[in-house]
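Encoded as structure tokens, the structure appears first; notes follow it.
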4 protein chains.
Amino acid sequence: MNFCSDNVTGVAPEIMAALIAANYGTAMPYGNDEYTQRLEALFSELFETAVTIFPVATGTAANAIALSVITPPFGAIYCHPASHINVDECGAPEFYTGGAKLVTIPGERGKINATNLAKVLAKSGAGVVHHVQPAAVSITQASEAGCVYSALEIHQIAEVTHAHQLSLHMDGARFANAVVSLGCTPADITWRAGVDILSFGATKNGAMAAEAVVFFNRELAETFSYRRKRSGHLFSKMRFLSAQLEAYITDSLWLRNAAHANQMAAKLAAGLASLPGVQLCYPVEANEVFIQMPQAVVKGLLDDGFQFYPWEEEHSTIVRLVAAFNTKEEDITAILEAAKAHSVKAFQI
Amino acid sequence: MNFCSDNVTGVAPEIMAALIAANYGTAMPYGNDEYTQRLEALFSELFETAVTIFPVATGTAANAIALSVITPPFGAIYCHPASHINVDECGAPEFYTGGAKLVTIPGERGKINATNLAKVLAKSGAGVVHHVQPAAVSITQASEAGCVYSALEIHQIAEVTHAHQLSLHMDGARFANAVVSLGCTPADITWRAGVDILSFGATKNGAMAAEAVVFFNRELAETFSYRRKRSGHLFSKMRFLSAQLEAYITDSLWLRNAAHANQMAAKLAAGLASLPGVQLCYPVEANEVFIQMPQAVVKGLLDDGFQFYPWEEEHSTIVRLVAAFNTKEEDITAILEAAKAHSVKAFQI
Amino acid sequence: MNFCSDNVTGVAPEIMAALIAANYGTAMPYGNDEYTQRLEALFSELFETAVTIFPVATGTAANAIALSVITPPFGAIYCHPASHINVDECGAPEFYTGGAKLVTIPGERGKINATNLAKVLAKSGAGVVHHVQPAAVSITQASEAGCVYSALEIHQIAEVTHAHQLSLHMDGARFANAVVSLGCTPADITWRAGVDILSFGATKNGAMAAEAVVFFNRELAETFSYRRKRSGHLFSKMRFLSAQLEAYITDSLWLRNAAHANQMAAKLAAGLASLPGVQLCYPVEANEVFIQMPQAVVKGLLDDGFQFYPWEEEHSTIVRLVAAFNTKEEDITAILEAAKAHSVKAFQI
Amino acid sequence: MNFCSDNVTGVAPEIMAALIAANYGTAMPYGNDEYTQRLEALFSELFETAVTIFPVATGTAANAIALSVITPPFGAIYCHPASHINVDECGAPEFYTGGAKLVTIPGERGKINATNLAKVLAKSGAGVVHHVQPAAVSITQASEAGCVYSALEIHQIAEVTHAHQLSLHMDGARFANAVVSLGCTPADITWRAGVDILSFGATKNGAMAAEAVVFFNRELAETFSYRRKRSGHLFSKMRFLSAQLEAYITDSLWLRNAAHANQMAAKLAAGLASLPGVQLCYPVEANEVFIQMPQAVVKGLLDDGFQFYPWEEEHSTIVRLVAAFNTKEEDITAILEAAKAHSVKAFQI
């Protein structure tokens, strides 16, 4: 059983069905198909406001192209040190922007906060030619620590962001998990709270390879299509990206998938945390569990064949376990029982 | 009936079946899955030599990342004026290389030739600091005019290319059509003729979105994976790219698909060319037909609902018609009959 | 005697004196000195309109940074095939723009013309995502063939340029020679004719290393200072750049220098053209002479120790001779006498 | 009296004399002059080893082009948080490398140390496709805090650097001050200690605008000349850069200038530090004094017309005072007397 990441999963049946259905007949290429052309209305309805939307296939593409439209080459992007754009994209934002700088804002639980942001921006060197110029703030919802920003927290960050004439980007690779966790509407934690552009993730939550870049500030969208084409992210058979996105938001599939993943993560976290010597690193607010466990338990589970990643360092006793849209309850039960057995054995000695 | 391009088609049934099959269970992400790991051996067998292979989703990504590994920012890439990399990728090679220059080599039938290349390279300014430095030659097989390079032609180009210490890249968006047309092996027109890197296209010939960058000169591959990741082209659920490529080359599906497309194009070309006032622009050596027809015939067909592109200029009487892996013989018959009817009507008056 | 280029000369005495004078005392760095701060008013007066001005040290920097503020990474810059930005800057515009494409417009005498430009722009692919997007037109005054654009020609080019919402840049490495040649004001052939940005050259005409980027469309200047800093072209001891520029335009030094160079070139051209078998390639409208001469004359002069470049090809009998601000009349006399002697000898046989 | 920076000074008389002398006659452009061609031998002698050398006009150009030859676009450059390349060049390294990332290594006195570097490199993600790849280490000698690295410290850093197959760059904007401070040879703290490339500064220590990029690892120099040209840093009248550098190292001018600056800084530091409530922030090992003084003293000096920068924050009581090659002893005396007077007044109350 594989708890390494939500990207080890396959495709949700509803989305695979949509791909099969979309395979009928011919369709004009590069987004001039009916699937793609429907998306804007569908996403505008979902977000309760008129949006401009661009499908792409990967989260890195979504984030980096989005950031490139709001950040000049001499710009600065403010983000959390642990953010995906800073750590896990091999410099994609720097590549797409033509060499902007990512400036990190520390914060608890993988989140930046308005106070820290304001402090850093107060010394940002705006208008001083020797320094890179503040351009964008990027936050991750749910965060890399599996925690969520409240609508209020986002609103406060947006206020600081906009007071400095910057744009606010949200990396929503696990946006669905955050929406479910907060029990809010998608609008509540995006444009209503001040987000300008959202990377709306689908891949980790049941798509094959599909993300939507959603512009709430539609004026910012002007150059996106050229940047997407130029980077090889404009698909000729675009209908197959768009069909995934359509199926993903139809009948709330995305929320149902995320709700399941969150529940499985919560159950997993609760079960593990009840064992002696086990400590959750962060509250489990989405579908990721960061947890410190006795060495014997970690090793025992790995020896049993359960798959998950040690966190930050090899052989760490802090590990990450991720639940997905299709994680089976019986798999949670299985790992919990195995963990308990290793725990009992370890503490008997 | 849509003859606009081979990318208006959907996915070949064998490839869709492979996607469905690949959706079973979990798989490690980013290419650490069994599908992807099988590819190197499969492609090495197909090409009769050890190759290094990277799946990506689009032809533009394949071309641009491939060129970026052999071209420094101050480099020159030699290509045909009509080549996709020069005209149809919104500057992707320039983006990926960090600002290299595409220098065009004219030639008949969408092909450059060794003589013209040698002449241009003789004045290339190699070693002179004021000029961009020769780095790569890129040829398109089949060409943008629907013609093919013979093994000998490629060999001659490769000799000039390598004599100047440049690398030879082949854009094989329609590589299958060329192989079938020439009746050769894939090896014959790639590494045996001197090609260093091939963008091996599958999307236009039945895949959903899949291309393989094939390195025959494996030393050149060193930085590819970082550049792919950094551009957002490393798919987390990579198995779904790799499964397409595997199905594509299994049981010669790629050659069967291309053979059908080529036959349909040949039939279409022969039928249209037999009409009065109709002139083929180029020999039809692959699956594309460039043809000049009387205005009345062009207009008549468009009014009938047949879809195809005027070439180069709006309202041109030169048009392009493309046959695909799943073009139906009855559709060819239908358009030929309609064309004949419009022709008769036009010439009666 | 060296006729290779105007950049083989040293510094005009007035400018060297200005450098010595500027060396008194301390001055705030990076342009916050009185020399630099005076420039805007001085150049506004010179050009009879309010301008924004940035000193830089080289023509390549002036051109490339100027172009980068008006051209997005996915943009196209239209220029003559022989232009310095296209041929002699090792891809600087591509580097500074982040990978834009230079599209060449052929034309006589090193000049593009409005008709050719309009034809190319009519097929530019503006708004089509597959193609780089038209952004800028760049013309060279005087041209690479030593010819000048009339105010009318520039006006016509500007009309086409602006009708397509592009910006017009002028590479004025030899702007002084053109102004003198035309007998016009600097305003006549720049903003009054529709030029948005001028690279105002001084180095070739007596400065040590100084050029001014002059914005007539001042809104375009917004990001220049960051791009200049970021490329290492913001000098800490800026007063020494600015003092050169100030001296250069004081008491019409720049026009006097250029007038002398033009006169010397005219005398040289007239003298050589009177010899048998000698043919001027272009009218000599500035300070450059492109001329075809009998092999024996070319060889004889080189053997005598006169220095000049064969043009386009090694051992060409077409050569370029350039006169400069400090070319001595006696040197012109000397080379003309030597040429006559070689000519007589050659034709005697 | 201006203590803001060493770049508020003019040009040393010996260097101005060299510029005047270099202005005699013609010289071939772009470095094909005798001044430039002499430099390699002169610098090889100075550094007691064969070096490759490139003159440029600014420190930012020297650093950024140097870093770009050793860092791929997907690379990481390790440096101190306060380093000029990280803070004061508006993203020049990111621009020149095509988007590399600067990763900061904290350390006392503006210096990184081998231990911290090794710790960070141990977790660098080398070989992992998701992360930028370690490429270069850059240290500043003298540091941004006015302190110097000993030969041993550099050696230890170089060992870690090379053990990870990275290259070691030294930003030597104040290299002369460090050499004098350490009483060592230039070789001792560069190639003998493991430095691969040095930005050898001259501008801050008496040149008009001249720096030399010195390659000890000469194989790394291969692409430098193209990158310099392409960025507009290849001067046509190069002799005027080279003449500055030649004069700078002739008869140890550079060391005499630096020795004077260091002595003036030492005297200034000692005098100020003797006042009550005054605290040096760092040992004064070169020509910069970072010092905390009572508000009344800072304000009093500024009101008197002495010029210097508050450090890090506006109205800070921590200020920086910089001595230069031509700082007069009487100016030091003057500011010390003024400071004493303000101090007496402040403490009387």
Side-chain angles (χ1 to χ4, degrees), chain A residues 4-5 7 58-60 63-64 67-68 71-77 79 81-104 106 119-120 122-135 144 173 231 309-316, chain D residues 4-5 7 58-60 63-64 67-68 71-77 79 81-104 106 119-120 122-135 144 173 231 309-316:
Chain A
C4 285
S5 179
N7 62 26
T58 70
T60 295
N63 288 336
L67 289 168
S68 77
T71 312
F74 50 83
I77 299 164
C79 61
S83 62
H84 204 264
I85 60 169
N86 190 44
V87 178
D88 291 310
E89 300 187 348
C90 197
E94 288 90 341
F95 175 45
Y96 276 81
T97 57
K101 190 186 270 288
L102 274 62
V103 178
T104 57
K119 270 187 208 156
V120 171
K123 293 186 179 186
S124 69
V128 179
V129 78
H130 306 290
H131 310 312
V132 288
Q133 294 298 298
E144 306 294 335
S231 59
Y309 288 132
W311 207 240
E312 306 228 313
E313 292 183 52
E314 251 185 297
H315 309 303
S316 169
Chain D
C4 285
S5 179
N7 61 26
T58 69
T60 295
N63 288 336
L67 289 168
S68 78
T71 311
F74 51 83
I77 299 165
C79 62
S83 62
H84 204 262
I85 60 170
N86 190 45
V87 178
D88 290 310
E89 301 187 349
C90 197
E94 289 90 341
F95 175 44
Y96 276 82
T97 57
K101 188 185 271 289
L102 274 62
V103 178
T104 57
K119 270 187 206 156
V120 171
K123 293 186 179 187
S124 69
V128 179
V129 78
H130 305 291
H131 310 313
V132 288
Q133 294 298 299
E144 306 294 334
S231 60
Y309 288 133
W311 208 240
E312 308 228 312
E313 293 183 51
E314 251 185 298
H315 308 304
S316 169

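Chain letters run A, B, ... following the sequence lines, proteins first and then strands; every chain starts at 1.
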Sequence neighbours left out, what passes side chain to side chain donor-acceptor pair (under 3.5 Å) with K123(D)? Give chain and number order.
->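 Expected list: E313(A).
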Who passes side chain to side chain donor-acceptor pair (under 3.5 Å) against N86(D), sequence neighbours left out?
->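 N86(D) satisfies side chain to side chain donor-acceptor pair (under 3.5 Å) with K101(A) only.
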Flag the one option from V129(D), D88(D), V132(D) with the top tally of heavy-atom pairs under 4.5 Å to chain A.
->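 Option with the top pair count is D88(D).
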When only pairs under 4.5 Å are counted, which of G125(D), G99(D), G98(D), A122(D) shares the most heavy-atom pairs with chain A?
->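 If we count pairs closer than 4.5 Å to chain A, G99(D) comes out on top.
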Which heavy atom of H131(A) sits nearest a heavy atom of C90(D), and at what distance?
->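 Residues H131(A) and C90(D), closest heavy atoms: O-SG, 3.5 Å.
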Chain A contact via V128(D) - side chain, backbone, both or neither, heavy atoms under 4.5 Å =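 When you check distances to chain A, no heavy atom of V128(D) falls under 4.5 Å.
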Side chain, backbone, both or neither: which part of A100(D) has an atom under 4.5 Å from a heavy atom of chain A?
->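 When you check distances to chain A, only backbone atoms of A100(D) fall under 4.5 Å.
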